[in-house]
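Notes to accompany the following structure.
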Amino acid sequence: MKIKELEKIFRSSVKSADKLQGFLPDMHIARAEKAAEAQLQRREKYGYKTSYSREFDQRGIVVIPNFMSDLTGFVEEIEKFPIAENKNEQNLLFDETGCRTLYFRWHSDIARLYDIVMDCHALPTLEPQFRENTFIQRLQNSPNNNDVQKVMHMDTFFITVKFWLFPEDVTIDDGPFCYVPKSNILTDKRKEWMRKQWTDIIDGKIDPQRTYGHAEGSLRIFDEELIGMGFDPEATAHPVKANTLVIANTFGFHARGELSNTVIRQAIHGSIRLSQPFEVI
């Protein structure tokens, strides 16, 4: 691979290992460091508009109860949408005419949600991506289904903001969102672990339990490794009451929770992932 090609990939958001075989492990770490520095510069530029963004920087996750002004009829409206884990033409929250639910068409909650998400990411505005990536998620979760999202992982090497607005209770038995608080911080121990994972990927030594996502750059981590970094794997589940907004930096370690019975977990879900993570904007 030519130097210019490597430089182009280095400065992109590409995470897939098959496109990064020309990299040494230290170059992967350098990308993470550069992306973290860009986020620090964004924060210095735009500051903290709310206490939520300060907590987001410190812990990687923010949980805001009683978020919406009124839940009347909202669950019934969501249930008109198809069961789907990912976005599609049928479940996007917005279309060319505006919001596709009567609740958000007449309430200011969606504007407040947008403002808080932008504040957490330290961005002035990114409305097109917000509109394109926000959808009604009706996730059918079943026990012991070999779901790769149930293995604790990081999404990519730079800050990515995801949010879930839950209109109903999500109990510990419903497989709640799991997150390791403060794992969003790029510590020396975190870099050492990431360096070893990239070395193993390059050498073709991947534990099958880390799943195919590991080789794609969505690195999977085991409990004993979390303990080695000083985290408690038992303190990661985040059950919530109805009308709770959860915002997480998915550079931090997170997973879908395991459960005992099949359930449909409903939420307004979306994400903000920069295409140029090294730019301050």
Side-chain angles (χ1 to χ4, degrees), residues 9 11-16 19 35 38-39 42 46 49-50 52-53 56 60-62 64 67-68 74 77-140 149 153-167 177 184 213 216-218 244-252 254 256 264-281:
I9 295 175
R11 296 181 181 280
S12 75
S13 61
V14 171
K15 65 175 183 176
S16 184
K19 295 181 180 178
Q39 178 61 18
R42 283 190 286 269
Y46 298 110
K49 294 181 174 59
T50 68
Y52 303 127
S53 54
F56 180 84
I61 184 168
V62 179
I64 308 174
F67 181 79
M68 295 191 288
F74 189 44
E77 197 170 341
I78 283 181
E79 289 177 343
K80 296 176 183 178
F81 287 81
I83 294 174
E85 174 182 350
N86 301 310
K87 68 177 182 178
N88 56 57
E89 291 183 358
Q90 286 72 47
N91 65 7
L92 285 173
L93 185 62
F94 299 97
D95 61 16
E96 63 277 3
T97 63
C99 193
R100 295 171 69 175
T101 75
L102 288 175
Y103 178 90
F104 280 132
R105 195 180 295 271
W106 298 111
H107 289 270
S108 61
D109 299 301
I110 191 65
R112 179 169 170 250
L113 188 158
Y114 173 78
D115 288 343
I116 292 175
V117 169
M118 291 300 106
D119 183 32
C120 284
H121 203 330
L123 296 173
T125 180
L126 208 60
E127 186 174 353
Q129 190 175 119
F130 180 83
R131 291 173 62 91
E132 293 166 6
N133 288 347
T134 302
F135 64 99
I136 293 94
Q137 183 186 58
R138 302 188 66 221
L139 170 68
Q140 183 168 306
Q149 299 302 321
H153 62 281
M154 52 185 272
D155 278 355
T156 188
F157 64 91
F158 58 91
I159 176 176
T160 296
V161 175
K162 289 188 175 179
F163 59 89
W164 295 259
L165 178 51
F166 296 107
F177 179 64
N184 59 304
E216 293 180 345
S218 182
T244 297
L245 174 64
V246 175
I247 307 174
N249 175 358
T250 55
F251 171 70
H254 62 285
R256 185 172 295 152
I264 296 175
R265 194 185 72 186
Q266 308 189 124
I268 300 296
H269 177 42
S271 63
I272 299 293
R273 176 180 291 188
L274 298 178
S275 60
Q276 297 295 329
F278 308 123
E279 294 183 3
V280 176
I281 303 177

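Quick note: numbers below take in every heavy atom, side chains included, and nothing from hydrogens, waters or symmetry partners. For the single chain, residues carry numbers from 1 onward in sequence order.
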Shortest non-hydrogen separation from [X] to [Y] and the atoms involved:
| X | Y | value |
| --- | --- | --- |
| Ala248 | Phe56 | C-CE1, 3.6 Å |
| Thr156 | Phe251 | O-CD1, 3.2 Å |
| Ser13 | Phe157 | O-CE2, 3.9 Å |
| Phe74 | Pro167 | CD2-CB, 3.8 Å |
| Tyr46 | Val280 | CE1-O, 4.4 Å |
| Tyr52 | Arg112 | OH-NH2, 3.9 Å |

Is there a donor-acceptor pair closer than 3.5 Å between any side-chain N or O of [X] and the backbone N or O of [Y]?
| X | Y | value |
| --- | --- | --- |
| Asp155 | Val161 | no |
| Arg131 | Asp95 | yes |
| Lys87 | Glu132 | yes |
| Gln137 | Glu85 | yes |
| Arg138 | Asn91 | no |
| Gln129 | Arg273 | yes |
| His269 | Thr134 | no |
| Thr244 | Phe166 | no |
| Arg42 | Glu279 | yes |
| Ser218 | Met154 | yes |

Side chain to side chain contact (heavy atoms under 4.5 Å, CB included) between Leu165 and Asp109, intermediate numbers included: CA-CA 11 Å; Leu165 178 51; Asp109 299 301; over 6 Å; no
Run the side-chain donor-acceptor check on residues 114-121: report pairs under 3.5 Å with partners two or more places apart or on a different chain.
residue: Tyr114; atom: OH; partner: Thr125; partner atom: OG1; Å: 2.6
residue: Tyr114; atom: OH; partner: Leu126; partner atom: N; Å: 3.0
residue: Tyr114; atom: OH; partner: Glu127; partner atom: N; Å: 3.1
residue: Asp119; atom: OD1; partner: Lys49; partner atom: N; Å: 3.1
residue: Asp119; atom: OD1; partner: Ser53; partner atom: OG; Å: 3.3
residue: Asp119; atom: OD2; partner: Thr50; partner atom: N; Å: 3.0
residue: Asp119; atom: OD2; partner: Thr50; partner atom: OG1; Å: 2.6
residue: Asp119; atom: OD2; partner: Ser53; partner atom: OG; Å: 3.0

Mind checking side-chain contact (heavy atoms from CB on, under 4.5 Å) for Asn184 and listing every partner two or more places apart, or none if nothing turns up?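 Here the qualifying residues are Tyr179, Asn249.
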Decide yes or no on side chain to side chain contact (heavy atoms under 4.5 Å, CB included) for Phe135 and Leu93, but give the supporting numbers first. CA-CA 5 Å; Phe135 64 99; Leu93 185 62; 5.6 Å; no
Reported [atom1]-to-[atom2] distance for the pair [X] and [Y], which is rounded to 0.5 angstrom:
| X | Y | atom1 | atom2 | result |
| --- | --- | --- | --- | --- |
| Thr160 | Leu274 | OG1 | CG | 7.5 Å |
| Leu92 | Ile136 | CG | CD1 | 8.0 Å |
| Ile268 | Trp164 | CD1 | CH2 | 13.5 Å |

Trace of the side chain to side chain contact (heavy atoms under 4.5 Å, CB included) decision for Phe163 with Ile64: CA-CA 11 Å; Phe163 59 89; Ile64 308 174; over 6 Å; no
Output field: ring centroids Phe104/Phe94 closer than 6.0 Å: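 That pair fails the under 6.0 Å test.
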Would you please classify the geometry between the Phe177 ring and the His254 ring as parallel, tilted or perpendicular, with 30° and 60° separating the classes?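 Aromatic pair His254/Phe177 classed tilted.
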